[in-house]
Participant: 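Below is the structure I would like to discuss, written out as structure tokens.
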Amino acid sequence: MSNRYPPLTPDQLTPYGTIRKTHGHQGEIVVGLVDDSYLDLDPVFLFLVRDEIPVPYRVLDIRGTADRLIISLDGITDLSSAEETVGHALLIALSELPQSETPLPRTLTNFGIDRWELYHTDGAFIGQVVEVEESTSNRLLVVEQTDGTRVLIPFAEEWLTDIVPERHTLTLDFPLDLLEL
């Protein structure tokens, strides 16, 4: 008998939010969303990364605001099990996003992107993202290279080719000439 629900691969998931704290004693969690538009979603499953494996949890209840979304997940039913999830990222299946939705956080700092590793699509390691500058209309990644120098890389959504939350890696297809400015 074949599985009606085949497992999802990491490229079929995208960041949904970060578990900030517990709420009450019944296993509810407070989540900060990576994108305010996700508040309009009614996901069936969310994925919690455990031992580098995205584990699906059925969503039982969801309420609140984009900054303080309270979620109840099937299988997390007490304070102790909820406390184990604090600080972890939640993922959502791309298939649960509206077709027009871009699977990318609008505010990278909500996702905690600093101290992630930045790679170019050619596979070259660029450096560690140490800060996200969002004071201008264009978001900039402040990247510290292995020699200690810092470069600014515009975070253009069309340049994003991969984001892997469980590995803390970000891959962009940008002109390498930017590293020489």
Side-chain angles (χ1 to χ4, degrees), residues 8-21 29-41 43 46-54 64-69 85-181:
L8 295 173
T9 59
D11 63 329
Q12 294 172 304
L13 300 171
T14 191
Y16 177 78
T18 302
I19 301 172
R20 293 186 173 167
K21 61 182 182 177
I29 52 177
V30 176
V31 175
L33 296 176
V34 297
D35 190 314
D36 292 350
S37 69
Y38 287 5
L39 186 60
D40 298 331
L41 299 178
L46 290 174
F47 296 79
L48 182 63
V49 178
R50 293 188 182 263
D51 298 323
E52 298 184 23
I53 299 170
T65 65
D67 290 331
R68 193 172 189 281
L69 196 64
T85 68
V86 173
H88 287 89
L90 280 175
L91 307 175
I92 187 170
L94 290 173
S95 60
E96 292 211 53
L97 297 179
Q99 293 299 343
S100 63
E101 186 69 49
T102 178
L104 176 67
R106 279 193 214 144
T107 306
L108 291 175
T109 52
N110 284 352
F111 191 56
I113 202 78
D114 59 315
R115 292 293 173 193
W116 280 39
E117 294 181 345
L118 175 65
Y119 290 87
H120 188 267
T121 53
D122 67 5
F125 174 69
I126 305 302
Q128 278 199 334
V129 178
V130 294
E131 187 178 343
V132 179
E133 177 59 50
E134 296 190 83
S135 62
T136 64
S137 61
N138 297 321
R139 291 177 292 183
L140 299 171
L141 301 178
V142 180
V143 180
E144 187 172 301
Q145 297 178 298
T146 54
D147 65 0
T149 60
R150 290 187 175 192
V151 293
L152 298 174
I153 306 292
F155 187 76
E157 293 183 12
E158 62 270 12
W159 290 353
L160 180 68
T161 60
D162 195 23
I163 185 168
V164 184
E166 59 271 11
R167 291 192 188 135
H168 291 260
T169 62
L170 182 67
T171 304
L172 299 176
D173 186 12
F174 64 93
L176 289 173
D177 296 344
L178 292 175
L179 299 176
E180 299 172 16
L181 296 178

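Just the heavy atoms: all of them, side chains too, but no hydrogens, waters or symmetry mates, feed the values below.
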Participant: Decide yes or no for Y38 and P15: does some side-chain heavy atom of the first lie under 4.5 Å from some side-chain heavy atom of the second?
Facilitator: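 Contact flag for Y38/P15 side chains = no.
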Participant: What's the verdict on side chain to side chain contact (heavy atoms under 4.5 Å, CB included) for V31 and I29, showing C-alpha distance, side-chain angles and the deciding distance?
Facilitator: CA-CA 6 Å; V31 175; I29 52 177; 4.1 Å; yes
Participant: If the condition is side-chain hydrogen bond (donor to acceptor under 3.5 Å, both in side chains), which residues does T121 pass it with, not counting sequence neighbours?
Facilitator: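 For T121 the side-chain hydrogen bond (donor to acceptor under 3.5 Å, both in side chains) partners, ignoring immediate neighbours, are D173.
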Participant: Only counting residues at least two apart or in another chain, list the ones meeting side-chain hydrogen bond (donor to acceptor under 3.5 Å, both in side chains) with D147.
Facilitator: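 Partners of D147 by the side-chain hydrogen bond (donor to acceptor under 3.5 Å, both in side chains) criterion, ordered by chain and then number, come out as T149.
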Participant: Is any side-chain heavy atom of L91 less than 4.5 Å from a side-chain heavy atom of V49?
Facilitator: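 Yes. Closest side-chain heavy atoms under 4.5 Å.
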Participant: Going by heavy atoms in the side chains, are K21 and R68 under 4.5 Å from each other?
Facilitator: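 Heavy-atom side-chain distance check passes, below 4.5 Å.
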Participant: Drop me the distance from I92's CD1 to L33's CG, to the nearest 0.5 angstrom.
Facilitator: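 One finds 9.5 Å between CD1 of I92 and CG of L33.
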Participant: Can you check whether V129 reaches V142 side chain to side chain, under 4.5 Å on heavy atoms?
Facilitator: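 They are not in contact (no side-chain heavy atoms under 4.5 Å apart), so the answer is no.
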Participant: Flag the pair V143 / L152 as yes when at least one side-chain heavy-atom distance between them is below 4.5 Å, and no otherwise.
Facilitator: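 No, side chains not in contact.
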Participant: Side chain to side chain contact (heavy atoms under 4.5 Å, CB included) with L179: which residues, sequence neighbours excluded?
Facilitator: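 Scan of L179 (side chain to side chain contact (heavy atoms under 4.5 Å, CB included), adjacent residues dropped) gives I126, Q145, V151, I153, F174, L176.
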Participant: Kindly indicate whether the side chain of L160, heavy atoms from C-beta on, has any atom under 4.5 Å from the side chain of L170.
Facilitator: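 Heavy-atom side-chain distance check passes, below 4.5 Å.
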Participant: Atom CD of E144 and atom CD of Q128: how far apart are they, to the nearest 0.5 Å?
Facilitator: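 So the gap between those two atoms works out to 7.5 Å.
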Participant: Nearest 0.5 Å, what's the OG1-CH2 distance between T169 and W116?
Facilitator: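 Here the interatomic distance stands at 7.0 Å.
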Participant: Any side-chain heavy atom of L13 within less than 4.5 Å of one from L94?
Facilitator: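 In short, these two side chains do not touch, never coming nearer than 4.5 Å.
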Participant: For the atom pair OH (Y119) and OG1 (T161), what is the distance rounded to the nearest 0.5 Å?
Facilitator: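 Rounded to the nearest 0.5 Å, the OH-OG1 separation comes to 12.5 Å.
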Participant: Between L172 and F155, is any pair of side-chain heavy atoms under 4.5 Å apart?
Facilitator: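 The answer is yes, as the side chains (C-beta and beyond) meet within the 4.5 Å cut-off.
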Participant: Indicate the atoms forming the closest heavy-atom contact of L178 with P154, along with that distance.
Facilitator: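 Residues L178 and P154, closest heavy atoms: CD1-CD, 3.8 Å.
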Participant: Go through the structure and list residues passing side-chain hydrogen bond (donor to acceptor under 3.5 Å, both in side chains) with D177, not counting sequence neighbours.
Facilitator: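 D177: no side-chain hydrogen bond (donor to acceptor under 3.5 Å, both in side chains) contacts found.
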Participant: Taking all heavy atoms of F47 and all of A93, pick out the closest pair and write down the distance.
Facilitator: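 Looks like CE1-N, 4.1 Å.
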